[in-house]
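Structure first, then comments.
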Amino acid sequence: MTLSDASAVVDADVALEPALLTHEDRARLLTYMATMRSAEERALSLYKQGKVPGSFYDGRGEEAISVGAAFALAPRDRLCILHRDLGAHFVRGVTVERYLANYMGRADGVTGGKDGNMHFGDRGLGCVGMVSMLPDMALVAGGIALAMKMRGEDRVAMTFFGEGSTANGQWHEAMNLAGVQRLPVVFVLENNRFAYSTPNELEFAVEPVRRAAGYGFPGVEVDGNDVEAVFVAAHAAAERARAGGGPTLIECQTMRMHGHGAHDDMGYVPPELLAEWEARDPVERYAARLVADFGFAAAAVEAIREEARALVAAAAERALASPLPDPALAREGVFAERWEPLGDGAAPWSGWAEGRAAR
Ligand SMILES: Cc1ncc(C[n+]2csc(CCOP(=O)(O)OP(=O)(O)O)c2C)c(N)n1
C-alpha cells in the first residue's frame, strides 16, 4: 500500500512502514466500517422512533479512525474507547445486537440495561467502560499502561479522544506522565474540527500533534478518513510502544458529519465545509479504492456492504425483542467487589498483529 499523502511525522523517530495487509484484512476493514455506518444509522432511526432514551451520539464520517486504529492491535492489548469510536468495539468483538440493545437500555445490551447510551465497554473483550468526563479516558489509559509496564507485560493501551479534550488540564497531566514514564500507550486524537460548537481556531494556538514533542514523544498526523493510513500509524505506534519506545500521539484529521448528538442541528457548521468532507467519505473512499487499487471486484465490494446492512437489520430485530432489565438486578455489577482482570479481544478478526506472525 501507499501511505496517505496527509501522513506526516512531527519531531519524531517513527518510521511509517507500508503495511502487509492481505486481501482478507482489507475486506474486514471495509466490513467493520460499513457495519459501523449501518449500525449507527439504525440506532439513529430507533432514537427518532423514541426507542432510545436520552440522546444519541455517533461517529459518522470518522469510521476509518476507530476501525483502522483498533485493527492494528493484538487481542491482549487494551482499549479506552469514546463516543465516536463504535468501530473499535466491533473490531474487539462486541456484536451489533448488543450495541443496539445497549442504546435501548435492554437486558441484552453490553451493560445489561444499566446504561441506555454509549457509556459501555466490555471488560471481557479488553475494553474499559467509557468515562464521559473529558479527557479522563486518557488518564485511565495511562494508568493501564503504567500497570502493564510495572508488570513487564507485552501489552499496549490505546485511547481515543477529540481535539476538544486537549484543552483540558488533565490531558496535559496524562501526556506528561506517559512521556516521563515512557508508557506503552497510543493516543489517538480525532480532530473533527469542532468540540461541540467550538471551532479549531478557538480551541488551540498550536496544532495538537505538535504538542507531543513538548512531552518527549512523537506526534504523527494522518488523514483520518483513510483507514489504511490510520492503521499504518497505529501499527507503528503500537510496535514502538511494545519495544519500550513509549507513547505516540496520532492526530487524525477528519470531520464530524453529524451534530454533537442527535439533538444538535449543527447550525454552526458552514454547509460548504460539510460538502467538502462529504466528498472524502471514508467508507465510500475505501470501497472505491479496494476496486481501483487492490483488485477487488465491484460486485464483491457491494456484497460486503450489503452483508453489513443485512447483519444490522437482523441484529436490530433481535435487540428490539430483548427485554428490559430485571429491576432486581439493578444493584448488581455496579461496584466491583473484587478485582478481575480484563479479557482479550475475541472478534472473528483474530488480531492483525497476532495473525501477521503466522504469515
Ligand atoms: C470535563 C467535561 N466538560 C464538558 C463535557 C461535555 N462534552 C461532552 S463531549 C464535548 C465536546 C468534546 O469535543 P471533542 O473532544 O473535540 O470531541 P468530539 O465530541 O468533537 O468528538 C463536551 C463539551 C464533558 N464530557 N466533560
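Values in this document were obtained by computation on a predicted structure and should not be read as measured data. Just so it is clear, the values below take in all heavy atoms, side chains as well, and ignore hydrogens, waters and symmetry mates. Indexing begins at 1, ligand by ligand and atom by atom, following the structure's order.
- Within the 4.0 Å heavy-atom criterion, both parts of A195, backbone and side chain, lie near ligand 1.
- Those atoms of ligand 1 that come under 4.0 Å of a heavy atom in F194, given as number and element, are 16 (O), 20 (O).
- Within the set G164, G59, G169, the minimum heavy-atom distance to atom 14 (P) of ligand 1 is found for G164.
- Here the options are L73, D344, I144, the test is side chain to side chain contact (heavy atoms under 4.5 Å, CB included), and the partner is R155; only D344 passes.
- Using bins of under 30°, 30° to 60° and over 60° for the plane-to-plane angle, the ring pair Y103/Y99 lands in the perpendicular bin.
- Of all atoms in ligand 1, listed by their number and element, those nearer than 4.0 Å to a heavy atom of Y196 are 11 (C).
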### Task
Please assess R78 against M158 for the test side chain to side chain contact (heavy atoms under 4.5 Å, CB included), listing each intermediate value before the final yes or no.
CA-CA 6 Å; R78 305 295 184 229; M158 173 181 280; over 6 Å; no

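- Heavy-atom contacts of S132 reach the following atoms of ligand 1: 24 (C), 25 (N), 26 (N) (cutoff under 4.0 Å).
- Of the polar atoms of S165, at least one N or O is found under 3.5 Å from an N or O of ligand 1, judged by distance alone.
- For residues 122-140, the set of pairs meeting the side chain to side chain donor-acceptor pair (under 3.5 Å) definition, not counting sequence neighbours, comprises R98-D122, H119-S132.
- Listed by number with element, the atoms of ligand 1 under 4.0 Å from a non-hydrogen atom of N192 are 18 (P), 20 (O), 21 (O).
- Using a 4.0 Å cut-off between heavy atoms, R84 contacts ligand 1 through its side chain alone, with no backbone atom that close.
- Ranking the protein heavy atoms by distance from atom 17 (O) of ligand 1 puts G162 CA, 3.6 Å first.
- A perpendicular orientation is assigned to the rings of H260 and H83, their planes being inclined by more than 60° (bins at 30° and 60°).
- Contacts of H83 with ligand 1, taken as heavy-atom pairs under 4.0 Å, involve the side chain alone.
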### Query
When you look at E228 and Y286, which way does the side-chain hydrogen bond (donor to acceptor under 3.5 Å, both in side chains) test go after all the steps?
CA-CA 9 Å; E228 293 203 12; Y286 197 52; 2.6 Å; yes

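- What sits closest to atom 9 (S) of ligand 1 on the protein, heavy atoms only, is H260 CE1, 3.1 Å.
- For CD of E307, the number of neighbouring non-hydrogen atoms (other residues, nucleotides, ligands) closer than 6.0 Å is 12 at most.
- Considering backbone and side-chain N/O of E62, none are found under 3.5 Å from N/O of ligand 1.
- Hydrophobic cluster membership of F335, counting Ile, Leu, Val, Met, Phe, Trp and Tyr whose side-chain heavy atoms lie under 4.5 Å apart directly or via other members: V334.
- Distance check for atom 11 (C) of ligand 1: a protein heavy atom is found below 4.0 Å.
- In terms of protein heavy-atom proximity, atom 2 (C) of ligand 1 is closest to L134 N, 3.8 Å.
- Side chains of D115 and N102: a donor-acceptor N/O pair is present below 3.5 angstrom, by distance only.
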